[in-house]
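Labels below follow one simple rule: chain letters A, B, ... track the order of the sequence lines, proteins then strands, and each chain is numbered from 1. Heavy atoms only: backbone and side chains are in, while hydrogens, waters and symmetry mates are out. All figures in this text were calculated on a predicted structure; none of them were measured in a lab.
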Amino acid sequence: MFDHKTLNKYKAIENKMYQVLDNEGKVILKDWKPDLSNAEIVQAYKDLLFERTVDLMAVSYQRQGRMFTYPPNLGQEAIHIAAGKVIRMEDWLVPAFRELGAWLAKGVSLWEIFLYFKGNEEGSKFINAPRMLPIAVPIASQLLHATGIAYAMKYNKENSAVFGFVGDGGTSEGDFHEALNFAAVWNAPVVFVIQNNQFAISVPLKMQTKSINLAVKGLAYDVPSVLVDGNDFFAMHDVLSYARKQALESGTPFLIEARTYRQGAHTTSDDPTRYRSKEEEEEWALKDPVQRLKGYLVRQGLWNPGQEDELIAGFKKAIDAEFEKAENFREYELDSVFDYMYHDLPDELKKQKNEYQNYLKLAKGGVK
Amino acid sequence: MFDHKTLNKYKAIENKMYQVLDNEGKVILKDWKPDLSNAEIVQAYKDLLFERTVDLMAVSYQRQGRMFTYPPNLGQEAIHIAAGKVIRMEDWLVPAFRELGAWLAKGVSLWEIFLYFKGNEEGSKFINAPRMLPIAVPIASQLLHATGIAYAMKYNKENSAVFGFVGDGGTSEGDFHEALNFAAVWNAPVVFVIQNNQFAISVPLKMQTKSINLAVKGLAYDVPSVLVDGNDFFAMHDVLSYARKQALESGTPFLIEARTYRQGAHTTSDDPTRYRSKEEEEEWALKDPVQRLKGYLVRQGLWNPGQEDELIAGFKKAIDAEFEKAENFREYELDSVFDYMYHDLPDELKKQKNEYQNYLKLAKGGVK
Amino acid sequence: MKVMNLVQAINDALDLKLREDRGVLVYGEDVGVEGGVFRVTEGLQVKHGAERVFDSPLAESGIVGTALGMAITGMKPVVEMQFDGFVYPAMNQILSHVGRFRNRTRGKYSVPMVIRIPYGGGINALEHHSESPEAYFGHTPGLKVVIPSTPYDAKGLLIAAIEDPDPVIYLEPKRIYRAIKQEVPEEKFTIPIGKAKILSPGEHITVIAYGAMIREVQRAMVMAREKGIQVELIDLRTIWPIDRDTIRQSVQKTGRALIVTEAPKSYGPAAELISCINEEAFLSLEAPPTRLTGFDTVIPLPLGEKYYVITPDRILAEIEKLVNY
Amino acid sequence: MKVMNLVQAINDALDLKLREDRGVLVYGEDVGVEGGVFRVTEGLQVKHGAERVFDSPLAESGIVGTALGMAITGMKPVVEMQFDGFVYPAMNQILSHVGRFRNRTRGKYSVPMVIRIPYGGGINALEHHSESPEAYFGHTPGLKVVIPSTPYDAKGLLIAAIEDPDPVIYLEPKRIYRAIKQEVPEEKFTIPIGKAKILSPGEHITVIAYGAMIREVQRAMVMAREKGIQVELIDLRTIWPIDRDTIRQSVQKTGRALIVTEAPKSYGPAAELISCINEEAFLSLEAPPTRLTGFDTVIPLPLGEKYYVITPDRILAEIEKLVNY
Ligand SMILES: Cc1ncc(C[n+]2csc(CCOP(=O)(O)OP(=O)(O)O)c2C)c(N)n1
Ligand SMILES: Cc1ncc(C[n+]2csc(CCOP(=O)(O)OP(=O)(O)O)c2C)c(N)n1
Ligand SMILES: [Mg+2]
Ligand SMILES: [Mg+2]
């Protein structure tokens with residue numbers, strides 16, 4: 001349980017980090033008890049494995065030229081699975097682009113994600129995930145949307161929190177600043193989650209900011225904040241649950257720095273060996289979030305590692321099936337270029353579409 | 001003397017404010033001694049009076065329709081005069097738009113300011129003030145220029161600090177955030193000065209931010225900062241001197257919140273009675289910076305209030321003479337619209353200018 | 001009917017929509033207690049409460065970005081940029097999101113918001129207070145862009161903008177905020193977005209303008225009429241989408257066209273209108289469609305502005321040149 | 001001479017200027033150790049040190065605003081926006097300051113900086129990675145805007161841009177970054193800003209294009225030639241100021257003009273060129289100057305991009321239409 005007293009103990013300005021498990025999955029926090037049932041914890045572990053398996057498969061689809069890019073989540077899964085457990089139907093999820101497990105929990109279908117990275121906007125509609133926004137490419141710009149949504153939720157007296165994600169690099173953008181400031185001044189219930197994975201593409205954190213950590217930035221806005229071990233599922237779950245609760249109860253924002261490490265490449269076009277050392281990677285591998293929760297489960301006798309291969313084989317099948325759905329998605333039609341720009345297609349766009357269609361009619365053979 | 005130890009005593013996060021004089025001009029700080037000679041302090045007082053007199057005159061010129069607008073400095077003069085004393089020839093001054101006394105110290109001529117507010121760009125050239133930037137209208141955007149200049153100064157091994165000014169409202173803009181962050185990451189010697197005059201036009205500070213003060217925002221960037229009584233000439237002078245010294249010695253930025261009050265209107269088009277109370281104004285009038293320094297001087301036997309009327313009469317004459325210079329400035333020529341846009345006038349602009357000149361020739365009588 | 005100026009008509013439209021639709025929110029810098037630096041939102045906070053009409057922190061990207069967030073939940077924020085020159089910090093939100101969220105999400109979310117921007121020169125102001133940024137928005141997919149030139153249109157277009165399911169940039173010609181008075185119905189009515197208006201029919205030449213330039217053209221027309229020139233004046237009213245039909249019919253009739261806009265010349269709004277005329281009425285042209293625009297310079301400070309602003313005399317000179325071509 | 005592609009030519013120009021002028025600094029997101037996501041700045045940090053070639057925090061307004069600060073002290077910063085779509089957070093600095101500081105201070109300060117932006121579509125990318133924002137900059141007073149289409153021009157124009165006393169927006173057609181190879185002198189040379197280039201003379205029609213569209217037009221020209229159509233292809237190279245002389249002479253000769261640009265149609269770059277043609281060569285026109293442009297839509301994600309990109313076939317169709325007008 002993370003409560004107000006815990007928050008006071010983990011002052012960002014003292015650079016304290018909230019952590020429950022050590023690298024081996026031993027609970028190091030005195031008097032700590034999970035607020036999830038064993039079954040839920042086991043499920044969380046499976047979810048971690050699933051996210052990791054999706055990543056693996058996705059990267060290989062991309063290598064086969066079947067998707068044009070993909071941003072791996074490797075190493076950051078505990079944040080996503082914990083968030084997925086905490087964020088409710090009635091809450092809003094405002095992603096950056098590296099929170100796969102949370103999206104899936106919100107109702108996003110895997111085939112949609114694959115479709116998106118094959119290059120079709122239909123893949124960012126997220127049809128079964130209401131209150132979930134599409135991927136935000138312009139870094140940090142989405143946090144303002146989160147703040148605006150939160151204002152609307154409060155205005156409409158909905159009991160709903162907004163979760164806005166951003167990376168460590170994203171904290172440098174002006175929009176990060178404005179979003180936190182507006183949320184604070186407006187008392188808007190946004191939980192801002194910084195996934196500090198130590199890099200913005202090739203740029204290491206120390207070239208991004210000199211602040212002692214990222215959670216401390218909350219002080220600039222009087223937004224309560226805490227630094228959490230982002231590779232620790234329990235720590236993330238505790239803090240996210242608390243943040244949600246206080247957002248709803250006091251109707252105010254909260255800032256979480258989830259300290260983690262991007263174990264993979266930035267995207268499939270990136271080669272991290274250009275800008276970071278093997279030693280650093282190995283050091284962080286010891287803190288791997290999946291291994292840590294596994295350590296906990298095994299220690300508690302809740303998990304038999306022997307099950308794992310079969311489980312993953314099943315995952316792979318399911319993932320392949322989703323990928324197939326994406327591959328068999330209907331052809332991209334010309335209509336899709338025009339018809340969603342406005343609620344009613346303006347004459348000017350009708351004209352442009354018609355002209356193009358006429359061209360196509362003349363140029364038999366169609367578009368190449 | 002304000003030194004590293006003093007800085008540690010006045011922690012922004014504990015909301016402590018550095019203050020030397022009380023409202024009556026009594027020194028309330030134990031063991032404090034001015035680091036200016038008596039003659040310098042008397043001169044500073046005269047400068048405060050001069051700035052105030054300029055304001056008075058400027059507002060009346062504007063009322064007479066001889067300038068199109070003017071942003072009064074009333075109540076904030078201690079910040080400006082202190083800055084003027086601290087900022088050296090080799091330093092850069094990057095203004096917002098409400099730091100008159102500092103500009104004058106930097107070498108700006110009064111007639112230029114008047115000319116600017118009569119509506120002529122020649123008034124923002126500041127010909128005798130090298131290393132002084134023009135007024136920055138887009139709020140907070142100038143702070144990035146300050147950071148860039150500071151990088152260049154350091155790169156060129158110049159022993160020069162940059163002073164960047166911004167208002168309390170300006171702290172909400174993304175550029176404020178980016179400027180402080182870049183300065184910190186780059187170790188750039190910028191002294192950022194927030195003039196917290198409690199309002200951004202009609203918007204009170206509490207609708208601008210919820211942080212306990214503005215100095216605390218430095219924590220987000222690991223920029224050392226301090227909250228100072230901006231109506232206290234000595235406090236401002238001490239802190240600005242320290243900030244400059246540490247910027248040069250350690251080559252890093254510093255953030256000052258100068259707490260003050262805009263006693264006048266935002267500009268001559270503004271009517272503060274629409275949005276604030278007489279009580280509030282009266283409360284702040286007690287802290288008036290000019291009265292406080294005067295109190296000190298009289299107490300020390302350094303000033304005879306009887307001198308004041310004559311002094312001000314002299315000021316008025318001098319100011320009128322400057323205004324006359326502005327009024328007699330050469331006619332605004334068509335060349336001035338075009339010729340400064342580029343180092344060499346591109347053909348396209350030559351063409352546009354020629355076409356206009358040809359029109360003028362035909363339309364005898366000239367431009368109305 | 002009540003006689004209103006533009007400021008009053010806009011205020012009236014906001015008031016009406018605030019009354020009618022709980023989803024409408026009005027915010028921006030100084031729009032609350034102060035009622036806006038131009039007093040456009042005067043009295044609205046008192047009438048509708050500080051939860052619906054309020055001051056924001058001083059940050060334009062923040063204002064627009066949060067409004068987008070509200071809009072996709074179904075609210076209808078109407079936000080104010082204090083002056084034309086201060087919309088630029090919000091460009092990323094406008095260009096990257098406001099005009100695109102609907103397309104990106106295949107219509108799952110739409111963005112029914114309005115950005116109000118007082119714009120244009122001729123008011124004796126500081127730099128950044130006299131910009132004409134309409135071409136930036138006209139070039140940005142996903143937006144609609146409107147500019148009224150009369151109190152009547154101001155009210156009708158603003159109501160249409162607020163009710164539009166898509167985002168609308170609503171530019172207010174501040175130079176004529178209080179200069180033009182007109183009877184305006186107190187009840188609700190709308191002016192369709194995308195429809196230009198022929199303000200006066202004429203045979204010899206088509207002049208296309210909008211916003212504060214309409215008044216200048218009308219002054220030029222008085223002089224032109226004395227010289228026997230019948231001008232057909234089109235008030236474009238909507239910058240995007242352009243009403244090509246009205247333009248085509250007019251230029252096919254007159255064979256001559258002059259575009260008058262304050263914005264800088266190159267890559268400016270007039271260029272688009274000239275291209276439309278080429279596309280719609282090339283064979284009718286008896287003279288090159290011509291533009292009278294701002295220079296490719298910064299708009300000068302007040303003492304130099306006389307050289308930059310477009311006067312009736314200059315408009316008349318162009319009209320004559322074209323008619324005698 | 002060495003055979004180079006565009007990426008190498010740009011790298012070479014940067015390297016040369018870094019060697020020659022201590023005032024030149026190169027920074028932006030990932031430009032240091034990484035050498036840029038397109039490897040344009042590869043190796044420069046090792047050669048010239050991290051004080052001169054370095055990564056900045058992730059903030060485009062910050063990058064441009066600080067560069068302006070450096071520039072007015074006499075430095076020559078050359079900053080990179082990682083992709084076209086990410087210049088928008090810097091629009092306020094560019095529109096309000098970069099193009100204006102010289103005018104505002106009556107020449108006391110000038111702004112000798114370069115903003116490099118990889119731009120354009122056709123590379124199978126995420127949203128915001130395929131924009132063509134040149135019209136926004138062309139419409140902004142105080143800037144110069146250039147776009148090379150060959151390695152040779154890329155080097156010569158970039159050196160000219162860095163040496164220019166005024167700010168230059170340097171757009172890099174990323175689609176052909178590595179597609180076009182050419183001999184490029186290793187020594188220093190410049191291409192004058194403001195001069196278009198006739199890539200091939202022709203009698204029947206003028207086609208004006210730039211950047212990645214040049215290659216598409218050239219492909220169309222091969223087909224046109226087979227049909228007996230001689231195209232005069234102008235590579236505009238500089239978006240502002242426009243080389244009106246070259247355009248005029250060409251269109252006066254051919255009487256027909258097609259503009260090919262990737263950017264959205266309305267208020268886009270092609271509109272300006274059509275207006276210039278109207279102004280310069282109206283009486284020579286035998287057909288309406290025509291534009292083939294992007295749609296007024298967001299550029300689609302990769303699977304839909306085939307509908308949006310301008311193909312040689314479409315260019316040919318327009319050429320034929322115009323020639324047969
Ligand atoms: C405004 C903007 N600038 C630049 C980019 C290019 N870009 C994409 S991801 C990225 C780094 C993001 O780093 P971070 O915020 O730490 O997130 P991470 O990738 O580590 O999850 C950059 C620079 C962008 N998408 N948007
Ligand atoms: C980007 C931008 N937005 C809005 C404005 C309009 N404006 C001019 S001054 C001002 C208030 C500034 O408040 P503050 O920063 O506290 O400075 P003060 O006027 O109090 O000295 C505003 C909103 C502007 N100049 N620039
Ligand atoms: Mg990161
Ligand atoms: Mg203020």
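Put simply, of Asp30(D), Asp55(D), Val33(D), the one with the most heavy-atom pairs under 4.5 Å next to chain A is Asp30(D). In terms of heavy-atom pairs under 4.5 angstrom with chain A, the leader among Ala59(D), Gly35(D), Pro302(D) is Pro302(D). The residue among Glu355(A), Glu348(A), Lys353(A) with the most heavy atom pairs within less than 4.5 Å of chain D is Glu348(A).
The only option from Thr260(A), Val203(A), Asn197(A) that meets the side chain to side chain contact (heavy atoms under 4.5 Å, CB included) definition with Asp168(A) turns out to be Asn197(A). Glu172(D) pairs with exactly one of Ile10(D), Val7(D), Asp84(D) by the side chain to side chain contact (heavy atoms under 4.5 Å, CB included) rule, that one being Ile10(D). Of the candidates Trp111(A), Tyr61(A), Tyr70(A), Tyr70(A) is the only one forming a ring-ring contact (aromatic ring centres under 6.0 Å, His included) with Phe117(A).
Taking the centre of each ring, Tyr308(D) and Tyr356(A) stay at or above the 6.0 Å mark.
Interface with chain D: from residues 264-276 of chain A, residues Asp270(A), Arg274(A), Tyr275(A) qualify, criterion being any non-hydrogen pair under 4.5 Å. The contact list for residues 315-325 of chain D toward chain A, using heavy atoms and a distance under 4.5 Å, reads Ala317(D) by residue number. Residues from residues 85-94 of chain D that place a non-hydrogen atom less than 4.5 Å from a non-hydrogen atom of chain A comprise Phe86(D), Pro89(D), given in numerical order.
For Arg175(D), there are no side chain to side chain donor-acceptor pair (under 3.5 Å) partners two or more places apart in sequence or in a different chain.
Residue Ile201(A) touches chain D through both its backbone and its side chain, counting heavy-atom pairs closer than 4.5 Å. Only the side chain of Leu349(A) comes within contact range of chain D, judged by heavy atoms closer than 4.5 Å. There is no contact between Tyr342(A) and chain D, counting heavy-atom distances below 4.5 Å. Heavy-atom distances place both the backbone and the side chain of Glu60(D) under 4.5 Å from chain A.
Counting heavy atoms from C-beta outward, Pro95(A) and Leu133(A) have side chains that approach closer than 4.5 Å.
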